[in-house]
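Quick notes on the structure that follows.
Below, read A as the first sequence line, B as the second, and so on, with proteins coming before strands; counting in each chain starts at 1.
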2 protein chains.
Amino acid sequence: MTDGNDSQQSLLALDRQVCFALYSAQLAMSKVYRKLLRELGLTYPQYLVMLVLWEQDGQTVSGIGHRLFLDSATLTPLLKRLESAGLLQRQRSREDERQVAVVLTEQGHKLREQAEAVPESVMCATQCSPDELERLRDDLHNLRERLAT
Amino acid sequence: MTDGNDSQQSLLALDRQVCFALYSAQLAMSKVYRKLLRELGLTYPQYLVMLVLWEQDGQTVSGIGHRLFLDSATLTPLLKRLESAGLLQRQRSREDERQVAVVLTEQGHKLREQAEAVPESVMCATQCSPDELERLRDDLHNLRERLAT
DNA sequence: CTACATTAAATCGTGCGCTATTAAATAGCA
DNA sequence: TGCTATTTAATAGCGCACGATTTAATGTAG
C-alpha cells in the first residue's frame, strides 16, 4: 500500500515537497551568486551582511542577526573574516561593553559601488520578469513569517 | 545618490532581494523540519536522501545526486552516516566497480512509516492552504530550472 | 553592597555544500 | 595490445548554520 509504483502519488514524493523545491532553488540561487560575488571577494552570506550594513552602518552583532535571522555563532566568525578582509571593524560599545558595534571601513563603503551591478545580473540569470520575481519574493516573505517560531 | 536614507529604494535593499527571501524562508523551513525529524534521527538533507530511496531503492550515488542536485563530496559522508545509523548499505556494483549502489536496510524501509506523518505536520506549520503551497512549489521549480547552469 | 538573574557575544562540536584534487575502473581507439 | 580519455567515488579544506555552553557585563532585589 505504501510502497511500489504509487510513489508519485505518495505525500512523500520528492517532487511534491515544497521543502525540496525551496531547498534546491536556494542552492541554485546561491550558485549564481557565488559566481557573481567571487570578483567582489564575498560569499553569499557575507554579501547579505554587507547589504545590512550598507543600509545602516554601525549595527551590533545581534542587530545584524535580528535582520538576517542568524545568531552570533554564525555571525562572529563571518564578521571576523570580513574584518580581516578589511571591509569592516568590530568595536566594543562604550556604553554597554557586552555589545560589539560593526562599522564599515572606507573599503567596505567603497565595495558598494561594485555591488550595485549584482542585482541586475541576478535578475538576468533568473530569466524571470520583475513581476514574477516580486510575487515570488512576497510569497516567500509570507511563508517565512508564518513559519516563524 | 547611492547612499543615505534612500536605502529602501535602492536595488540593494535587503527586503527587495528575492535571494534573501529565498534564503531566509529556506532557513525557517529547515528549522521546522529539524524539530520534526529529530525524533526520526534524521537531518533535513538526510531526509531528502531517504525520500529518494523510498521512491526507488538501490540507486547509485550519482543517481541520488542527480535527483537532489548534489555531488559525491556532499553525499558520500552523508551516506556513511546513514549507513552507520543502520538505515542503508553502500555496496560496489559488480558490473561497474566505479559505481556504488545504495540499498535500504529493513530498518531503512521501516522508517518510512514514521516519515509518513511528516508532510502533514509541515503543511500544518506553514499555515498555508494546499493551493498556495502548490503554486509556490511550482514557481520554485520553475525558478530552479531557469537558473540551471 | 552582595547575590542572583538577564543579556550579548564568543566558543565548541556536528553536519552540510562547494571547489579542487585524487584514485580507480571503464570505454574508445590506434 | 597499449594508450589516452572519460566516468564514478572518495578525499581534503573552507565557510556557513545550529544547538549548547561559557564568559563577561549589566540589571535588580534584598
Side-chain angles (χ1 to χ4, degrees), chain A residues 19-20 22-38 41-50 59-66 68-85 89-102 149, chain B residues 19-20 22-38 41-50 59-66 68-85 89-102 149:
Chain A
C19 76
F20 175 59
L22 194 53
Y23 174 84
S24 58
Q26 154 60 17
L27 288 187
M29 183 68 88
S30 70
K31 280 180 205 190
V32 170
Y33 272 94
R34 200 188 323 275
K35 197 166 183 176
L36 288 170
L37 294 176
R38 184 164 303 149
L42 292 176
T43 67
Y44 184 57
Q46 287 169 8
Y47 172 72
L48 294 177
V49 168
M50 294 303 286
Q59 296 188 62
T60 63
V61 174
S62 58
I64 297 168
H66 186 258
L68 297 178
F69 310 99
L70 297 172
D71 74 351
S72 72
T74 300
L75 287 175
T76 297
L78 188 157
L79 291 169
K80 284 184 178 176
R81 276 176 223 114
L82 290 176
E83 184 172 38
S84 60
Q89 287 193 327
R90 300 175 315 121
Q91 45 202 36
R92 291 236 165 240
S93 159
R94 294 258 156 65
E95 310 91 59
D96 186 340
E97 292 204 351
R98 292 171 302 181
Q99 299 188 34
V100 170
V102 179
T149 45
Chain B
C19 76
F20 176 59
L22 194 53
Y23 173 84
S24 60
Q26 155 59 17
L27 288 187
M29 183 68 88
S30 70
K31 281 181 204 188
V32 170
Y33 272 93
R34 201 188 320 277
K35 196 166 186 176
L36 287 170
L37 294 176
R38 185 165 302 147
L42 292 175
T43 67
Y44 184 57
Q46 287 170 8
Y47 172 73
L48 293 178
V49 169
M50 294 303 285
Q59 297 188 62
T60 63
V61 173
S62 57
I64 296 168
H66 186 259
L68 297 178
F69 308 100
L70 297 172
D71 75 352
S72 72
T74 301
L75 287 174
T76 298
L78 188 157
L79 290 169
K80 284 186 177 176
R81 276 174 223 114
L82 290 176
E83 184 172 37
S84 59
Q89 288 193 328
R90 300 177 313 123
Q91 46 201 36
R92 291 235 164 240
S93 161
R94 293 261 157 64
E95 310 92 59
D96 186 341
E97 291 203 350
R98 292 172 302 183
Q99 300 188 26
V100 170
V102 179
T149 45

Applying the side chain to side chain contact (heavy atoms under 4.5 Å, CB included) test to B:Val49, which of B:Val102, B:Thr43, B:Leu82 qualifies?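 Considering B:Val102, B:Thr43, B:Leu82, a side chain to side chain contact (heavy atoms under 4.5 Å, CB included) with B:Val49 is found only for B:Leu82.
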
For A:Arg98, which residues count as a salt bridge (charged side-chain N to carboxylate O under 4.0 Å, His left out) partner, sequence neighbours excluded?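 A:Arg98 satisfies salt bridge (charged side-chain N to carboxylate O under 4.0 Å, His left out) with A:Asp96 once adjacent residues are dropped.
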
Could I get the full list of salt bridge (charged side-chain N to carboxylate O under 4.0 Å, His left out) partners for A:Arg90, not counting sequence neighbours?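 Salt bridge (charged side-chain N to carboxylate O under 4.0 Å, His left out) check on A:Arg90 returns A:Glu83.
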
Between [N] ([atom2]) and [X] ([atom1]): distance, integer Å:
X	N	atom1	atom2	answer
A:Tyr33	C:dG17	OH	C1'	19 Å
A:Leu37	D:dG15	CG	P	15 Å
A:Lys35	C:dC18	NZ	P	15 Å
A:Tyr47	D:dC16	OH	P	16 Å
B:Leu75	D:dT8	CG	P	14 Å
B:Leu82	C:dG15	CG	C1'	12 Å
B:Gln59	D:dA9	CD	P	11 Å

Whether [X] contacts [N] is assessed here as follows: a side-chain N or O lying under 4.0 Å from the phosphate OP1 or OP2. Is that the case?
X	N	result
B:Ser62	D:dA9	yes
A:Lys80	C:dT11	yes
A:Arg90	C:dA10	yes
B:Arg92	D:dA9	no
B:Gln46	C:dC16	yes

Who are the ring-ring contact (aromatic ring centres under 6.0 Å, His included) partners of B:Tyr33, not counting sequence neighbours? B:Tyr44, B:Tyr47

Using the side-chain contact (heavy atoms from CB on, under 4.5 Å) criterion, which residues pair with [X]? Sequence neighbours excluded.
X	result
A:Arg81	A:Gln46, A:Pro77, A:Leu78
A:Ser62	A:Thr60
B:Leu27	A:Leu70, B:Tyr23

Once rounded to the nearest 0.5 Å, what's the spacing between atom NE2 of B:His66 and atom CD of B:Gln59?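 Interatomic distance, B:His66 NE2 to B:Gln59 CD, rounded to 0.5 Å: 11.0 Å.
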
Distance check, rounded to the nearest 0.5 Å: B:Ile64 atom CD1 versus B:Leu79 atom CG? 5.5 Å

Polar atoms only, N or O, under 3.5 Å: list the protein pairs with nucleotides 17-19 of chain D and their distances.
| from | atom 1 | to | atom 2 | distance (Å) |
| --- | --- | --- | --- | --- |
| D:dA17 | OP1 | B:Tyr23 | OH | 3.4 |
| D:dA17 | OP2 | B:Tyr23 | OH | 2.4 |

Any idea which of D:dA9, C:dA8, C:dA10 is nearest the B:Val100 side chain? D:dA9

Side chain of B:Thr43 (C-beta onward), nearest among C:dC16, C:dA9, D:dT8: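 Of C:dC16, C:dA9, D:dT8, C:dC16 is nearest to the side chain of B:Thr43.
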
Got a list of protein N/O to nucleotides 24-28 of chain C N/O distances below 3.5 Å?
| from | atom 1 | to | atom 2 | distance (Å) |
| --- | --- | --- | --- | --- |
| C:dT26 | OP1 | B:Glu95 | O | 3.2 |
| C:dT26 | OP1 | B:Glu97 | N | 3.2 |

Ignoring hydrogens and angles, answer whether the base of C:dA10 and the side-chain atoms of A:Ser72 contain a donor-acceptor pair closer than 3.5 Å.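 Pair found.
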
Using the test side-chain hydrogen bond (donor to acceptor under 3.5 Å, both in side chains), find all partners of A:Ser72 that sit at least two apart in sequence or belong to another chain. none

